[in-house]
Structures are given as C-alpha cells and as structure tokens.
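Below, chain A is the first sequence line, B the second, and so on; all start at residue 1.
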There are 2 protein chains.
Amino acid sequence: MQMPISVPNRMKDPLTRLPGYVLRRASAATVAELNQRLQSLDLRHAEAACLLLIDASPGLTQSEIGRTLDIQRSNMAPFALRLESRGLIERRKVDGRSQGLILTPIGRSVLAKARKVVEAYELSLIRRVPEELRPAVLPILMALWNRQSD
Amino acid sequence: MQMPISVPNRMKDPLTRLPGYVLRRASAATVAELNQRLQSLDLRHAEAACLLLIDASPGLTQSEIGRTLDIQRSNMAPFALRLESRGLIERRKVDGRSQGLILTPIGRSVLAKARKVVEAYELSLIRRVPEELRPAVLPILMALWNRQSD
DNA sequence: TATTGTTATACTCTATAACTATA
DNA sequence: TATAGTTATAGAGTATAACAATA
C-alpha cells in the first residue's frame, strides 16, 4: 500500500462507482492497515485469524483451518510450520495422519495481544461508517461474499 | 480461490462477525470471480481497470494511473509494457520524461468486451444484496475505504 | 478410494532501492 | 529538488501437481 495522496485527485475516475472495485480497494487498504498494526507482534492478518480460530476450536487440523480461511492445504504447511517454530502452536496427533493444533501458553499470550489489536481495528473500521448505516455493514459484506448472514 | 464447500461448516467461526475479515473474504472471492470472467479476454481485473481509466481520460501517464489504482510506479512499468506489447495501448510523448497512454483500436475493441464483462459482474454483485440495502452498498464501502462518497 | 500432510514449483502481486533523464 | 520511467530484487500470496502414509 502506498500512503494516501493528500492532493485531491481531479482525474475522471469511472471506477469508484463500481461496488466491486471499491470493495477491492477497501479490502486492500484495510489489510495493509491491519498488517501494519500487527507488525509489532510479528503477525500477519492471516496468522492472527488462524490463532483466533484455534483458540475458538482447539484441536482443529491444518486442513480444517485451510478450508475455513480458504488457504490451500499445500500452503497451510509452511504457514503452520512458522507458527509452530515460533512456539505459538503445538501439534497433537489425532490419528495417523491428522494433527490437531492447539495454542501454547506463548500462543495464548500473543493471541491476547493480537485480539486487542484486531478488535480495536474492527471498531475503528465500523466507526468510519455513518451510524445509521452500521447495521447494514455485515449483511451487505456477507451478501457480497455470497453467504447468508445466518 | 478454492471452490466453495457445499457441506455446512459446523465449526465455530468467530471471524465472520468481524467486518474487516468479511470484507477481505468478500474481496478475495469477487476478485477471483472477476478474473475468471475476464480470462477469455486474457485480462486481469487490474488491466481492465487500467483500460477503463485510459478510456475515460486519454493521455494519462503511467504514474497517474499508478496513483489512481494504488500501483507502485515501478510495478506499472511491466504492467504497461504488457498492455503495449499486446497492442492495446500506445505511448505518446508528453514531454521528455512523461508518456501519455491512449487506447489503440484493438484496445478499444478489447475494452468494449471487458466493459460488458465488468458491468455484468458488477450487476450480479449488487443483486446479491437485498434490495432495501443496495443504496447503502457504495456509501459503506467508500467509508470503509476511508473516502468521502463525494 | 478419499484424506492429511508434505514438497516442489510457478505465477501474481506488492514493496523498496537505485539509476537516468528530464522538469 | 522533484518527477517519470525503468531495472533489479525480495517477499507475500496463491495455484497445481504429485507423493507417502493413513482412513
């Protein structure tokens, strides 16, 4: 992400009327912002998401996490390895091929800090939206994601 | 993007309540979908955006486009080169260092098809959202992007 | 047969630094 | 001094294929 340009852009921009385009730009901007806020914990946003998932469901396997986060099984291997070698998670054999992932004490401590960062960031995001539109935020994003809100 | 899992996911998922997370997932999913629809034109979503911009403001320079799309100047070079070597755009010297970009006849023809794909996709996106929420879509996305709607 | 974890590999996207030519 | 275009390079992120071990 480049830092925002402060001079007004006088260019015709036919793109900012396209929800899909603005969705991409909003996502790219917020990912960059969240990654920056997580930098001091040496975490990427997807790693924080992974820790949050494991904390909510200890014993999840790599494959299950990958399916939830839409990360390929093959890409989960180095991903989980990094969390493991940093001592944030442990693997526990479930059967001969699956290994449940759980947080270590260090992992729980890092997650506690990450959770604060994430929650503060989510709050700052929602606060960008005019109050009367806030109830529509999740339903709209879930719909664009093509998921039922529930 | 993996194809969606059809079996319901019974896993606790604390993430889908987080607007920022859902924003990222919605964006990733829609980028993948749009890229797939543009595949037959051998265009990526950012290339289509670039053509749309040049068409709206012929003579834009690489740097200006990069600032508009948040693509680094250094990354714009191979990007523009590809469009040029495919005969979609031409460079016209503005002064000793800047080159304005314009669409070639081929570029206009490809853009016409790309525009249809993009507009159809944008329409399909907005249709995912319940009708009464649609007016809030752009204001919310612009707010999350941290831009004024106007 | 299908699934888990893994390795290898390739491609895209993004980020930084440095260079030149020009304004 | 600042800007435009370029090159080189490194790091993420993502995609596919293939393999062994296990269910």
In B/S/- notation (B base, S sugar-phosphate only, - none; protein heavy atoms under 4.0 Å), nucleotides 1-6 of chain C written 5' to 3' is -BBBBB
Nearest whole angstrom, please: distance from the [atom2] of [N] to the [atom1] of [X].
| X | N | atom1 | atom2 | value |
| --- | --- | --- | --- | --- |
| A/Glu47 | D/dG13 | CD | P | 8 Å |
| A/Ile71 | D/dA12 | CD1 | P | 14 Å |
| B/Leu81 | C/dC13 | CG | C1' | 17 Å |
| A/Leu38 | D/dA12 | CG | C1' | 15 Å |
| B/Gln72 | D/dA4 | CD | P | 14 Å |
| A/Leu43 | D/dA12 | CG | P | 13 Å |

Would you please name every residue forming a side chain to side chain contact (heavy atoms under 4.5 Å, CB included) with [X], sequence neighbours left out?
| X | value |
| --- | --- |
| A/Glu84 | A/Leu81, A/Ile89, A/Arg91 |
| B/Ile102 | B/Pro58, B/Glu90, B/Arg92 |
| B/Pro135 | none |

Pairs meeting criterion side-chain hydrogen bond (donor to acceptor under 3.5 Å, both in side chains) with involvement of residues 106-115 of chain A, two or more places apart: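 Listed once each, the pairs are A/Asp55-A/Arg115.
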Any carboxylate oxygen within less than 4.0 angstrom of a Lys/Arg side-chain nitrogen, looking at B/Arg82 and B/Asp42?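 Yes, this pair counts.
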So, using side-chain hydrogen bond (donor to acceptor under 3.5 Å, both in side chains) as the criterion, who are the partners of A/Arg44 when residues are at least two apart?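 Checked A/Arg44 against side-chain hydrogen bond (donor to acceptor under 3.5 Å, both in side chains); zero matches.
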